[in-house]
Amino acid sequence: MVMAAFGEMIEKFGKPGRCLFDNGHEFANKWLTGGSKTRFRFKIRDDDPLGVLPLLGIKQHWATPAHGQAKPIERAFGDFARNIAKDPRFHGAYVGNSPMAKPENFGERAIPAATFLKVLAEGIIKHNAREGRLSKTAQGRSFDETFAESFATVPIRPATEEQRRLWLMGQQVAKLNKDNGQLRLYNNYYHSDWMSQHPSKKIVARFDPENLHSGVYIYDADGAFMGFAECRQAVGFFDVTGAKELARRKSRIKRAEKALVEAHRPISIEQIGCDMDALAPESPEALEAKVVSPMFGQKPAPIIFDTPSYSRVEDDDRVAMASIGQALGAAIDDNVALIVAERLVRTTETSALAQDVVDLAASLTTAESDIVAQVTATNQLIVRVTDNEGVFAGISQSITTLTSSIGDNTASITDQSTTTDGIMAEQTIALDVNGHISGLILRAEIGSGGAVISTAAFVADKFAIVGPGGAPETPFVVYTTPQTIGGKTVPPGVYMTTAFIHDGFINSAMIGNAEIGNAQIAGILQSADYAQDGDGVPTNGIKINFSNGVMKLAGPVFSRELVIASGSFTVAAGIGNGATVRFPFVNTGVRIGQDDVWQLPKRVFVATARVVPGVGSNVNNASLWAAKAEVLNGAAWFGAANWGSSKGLLNAWSEDPATLVNPAWRSGNDQRILLTIEAETSSLTISGPITVHWKLNEVT
């Protein structure tokens, strides 16, 4: 498909001088780029035939793996993933942008190929026609406009008909027959008279992958055309797809055969008994005993066996295989211990396999022949490399399985490590206890864009980090099922004993106790039991909306004492029986800017005062009673120096407190919150000084 697309581009726009390629298998395949010395895929050999690009004289550049900035087309792929892949006509077929982010309707339906190609073509046209591109070459234009301007000024190099044949065909490196020069390809035979002059020559055959019987075009290793060869014996495959399908079918058969062999390993106790019966010698004729002695409590003798095996195969189909096996066993009554080991090597023209398998088994039975205990262990090491029509694949694998069974309970551990094609590594550990599976998956692989993606996944009811000393307190726990903590059922999630977070974003949190240095709340803060009726009136709890400044409280409004200012002053005069003493301008010292006086009535202030006898006063009946205190709204204050003594503001209670910063008798106007305090006596007389204590509160 990549070859056909590249050929279509050349036929439409001519041969480019240079090409920037990704390192995926589909781009780095040897049919297209054979002979290139800078690829990051496939093993590079000196005798690799030249691919289409080197034969056309096109310079190839390879993007650095795992470096998206080196491939400008990655931006277009991102646009396609957001726009084309999520087109409404693909609803139900979108697979998500990663294996961990599949949509809920994943796999709901399949899209017909015609519909897919139609939507894809529309998306590409829109992508290239969109204006406002900010690259250095586009400068606000669309990709179509930018390309058209460049295409109009660049000389076009059209491909010749012979060159056009290159990207329409597949290629295969082969060697001509040493006797008559004929070529065997996919079990078909090709020959022309001129080929007899080149026996045993290594050539490159180019052919139509969909019609192998139409003949082949033969080139030498340097890319020079040698001639055409007809298909003289069409006894093999008609197309490459059929040949590859047969190769895959043979591979599936081999895997099935291997699975069948595995299913019969280890050797069962019954099989061992059958083998021993087959090897047992015939019993001689019984002799008549003259003297008979009694036999009490004697048991069968122990059994020990050691059976090595060897095999070696070489056949005409160029298959070589050798294996060595060993079986060790010991049995007393029905108690058996076994070790079965096998080592196998196998090579063909297109594959190589090495395998090492060791099985261990032990079992104990009761006198009633009921198995009460059985344990097994299996270790497999496998390495395999294959060549499927020039596409190499390699895998190395290690599998260890441990199993123990006591009665109806069975526990097993499977540890599997795998590397594939040099681009993927994976390790899985699976623990199975009576069908309840937990474990770990570690995986790293090179994605389609060349970037390495790593994944770690845990399957467990609980994941925790424990201190080195194995302390029972775990600072960090992940529960995958609901749990009861402190008498309260909590949903699955992450639970931390203590956490210190420098910067963090929490979408939803349940906090028992918290100490917060600084916090900014952009949304809503409410109590856990907050509720409101259909009209939005709170019925329980508290809710504060920081976005609109609204606070809702169920039940009575709460408040607390907020002392703005307090003070006291002493006057020499006493209070007579039934008299009233009044202090009209008690200065609290609380300043308000003259432009902000209008806010004073909007704030709730409460003033309180009490009168007590001063030092040396004579009280005939009582020593403490309340006084009336009132806040004056918007009172002006110009300082004693400006008002003068005629205003009666030279008293200590009407002056600014000594502790006030920037006193009022500075130049300019100022505002104060002033109080009026009154005290009235009834059947009371205070002779001598009195002290007035006052407080100014703002109620929240």
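When reading the values below, keep in mind they use all heavy atoms of this one structure, side chains included, and skip hydrogens, waters and symmetry mates.
- To the nearest 0.5 Å, the span separating CG on Leu553 from NZ on Lys543 amounts to 12.0 Å.
- In plain terms, the two heavy atoms of Leu338 and Gly329 that are nearest each other are CD2-CA, 3.8 Å.
- In this structure Asn434 satisfies the side chain to side chain contact (heavy atoms under 4.5 Å, CB included) test together with Asn409, Thr410, sequence neighbours excluded.
- Side-chain contact between Leu353 and Ile382: present, with at least one pair of heavy atoms (C-beta onward) separated by less than 4.5 Å.
- Smallest separation of non-hydrogen atoms from Asp529 and Asn540: O-ND2, 2.9 Å.
- Ser417 and Ser398 share no side-chain donor-acceptor pair at under 3.5 Å.
- Judged purely by atom type and a 3.5 angstrom limit, Asp421 has no side-chain atom pairing as donor or acceptor with the backbone of Ile423.
- For Asp415, there are no salt bridge (charged side-chain N to carboxylate O under 4.0 Å, His left out) partners, not counting sequence neighbours.
- Every residue two or more places apart in sequence or in another chain that forms a side chain to side chain contact (heavy atoms under 4.5 Å, CB included) with Ala93 is listed here: Ile111.
- Looking only at distances, a side-chain donor or acceptor of Lys552 sits under 3.5 Å from a matching main-chain atom of Gly536.
- With sequence neighbours excluded, no residue forms a side chain to side chain donor-acceptor pair (under 3.5 Å) with Asn128.
- Side-chain contact, Thr481 with Gln483: a donor N or O sits under 3.5 Å from an acceptor N or O.
- Rounding to the nearest 0.5 Å places CD1 of Ile84 at 5.5 Å from CD1 of Ile124.
- When atom types are taken as modelled, the side chain of Asp356 and the backbone of Leu381 share no donor-acceptor pair closer than 3.5 angstrom.
- Gln532 and Thr539 make their closest contact through N-OG1, 3.7 Å (heavy atoms, listed as atom of the first residue, atom of the second, distance).
- Across every non-hydrogen atom of Gly541 and Ser527, the tightest pair is CA-OG, 3.3 Å.
- No side-chain donor-acceptor contact under 3.5 Å links Thr418 to the backbone of Glu426.
- Among residues two or more places apart in sequence or in another chain, the side chain to side chain contact (heavy atoms under 4.5 Å, CB included) test is passed with Val385 by Ala352.
- Here the straight-line distance linking atom CG of Leu120 with atom CZ of Phe90 works out to 7.0 Å at 0.5 Å rounding.
- Identified under the ring-ring contact (aromatic ring centres under 6.0 Å, His included) test for residues 428-460, with sequence neighbours left out: Phe458-Phe463.
- A distance of 9.5 Å separates CD1 in Ile339 from CD in Gln326, rounded to the nearest 0.5 Å.
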Please tabulate, for side-chain N and O atoms in residues 516-524, each donor-acceptor pair with protein atoms closer than 3.5 Å (sequence neighbours left out).
none

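- Considering CD1 of Ile413 and OG of Ser404, their distance stands at 8.5 Å, rounded to 0.5 Å.
- Looking only at atom types and distance, the side chain of Asp144 has no donor-acceptor partner in the side chain of Ser142 under 3.5 Å away.
- Contacts of Thr414 classified as side chain to side chain donor-acceptor pair (under 3.5 Å), with partners at least two apart in sequence or in another chain: none.
- The two atoms that bring Gln374 and Ser363 nearest to each other are CG-CB, 4.0 Å, heavy atoms only.
- With contacts defined as side-chain heavy-atom distances shorter than 4.5 Å, the pair Thr376/Asp359 does not qualify.
- For the pair Arg384 (side chain) and Ser351 (backbone), a donor-acceptor distance under 3.5 Å is absent.
- Screening residues 444-456 for salt bridge (charged side-chain N to carboxylate O under 4.0 Å, His left out) gives Arg443-Glu445 as the qualifying pairs, with residues at least two apart or on separate chains.
- A distance of 12.0 Å separates CZ in Arg343 from CD in Gln355, rounded to the nearest 0.5 Å.
- Counting only distance, with no hydrogens or angles, the side chain of Arg130 and the backbone of His127 share no donor-acceptor pair below 3.5 Å.
- Residues meeting the salt bridge (charged side-chain N to carboxylate O under 4.0 Å, His left out) test with Asp432, sequence neighbours left out: none.
- With sequence neighbours excluded, the residues forming a salt bridge (charged side-chain N to carboxylate O under 4.0 Å, His left out) with Arg89 are Asp87, Glu122, listed by chain and number.
- Every residue meeting the side chain to side chain contact (heavy atoms under 4.5 Å, CB included) condition with Ser454, not counting sequence neighbours, appears here in chain and number order: Ala444.
- The side-chain heavy atoms of Gln416 and Gln397, taken from C-beta on, include a pair separated by under 4.5 Å.
- Summarising the geometry of Ala138 relative to Thr146, their closest heavy-atom pair is CA-OG1, 3.4 Å, with the distance given to 0.1 Å.
- With hydrogens and angles left out, the side-chain atoms of Thr350 and Asp387 include no donor and acceptor closer than 3.5 Å.
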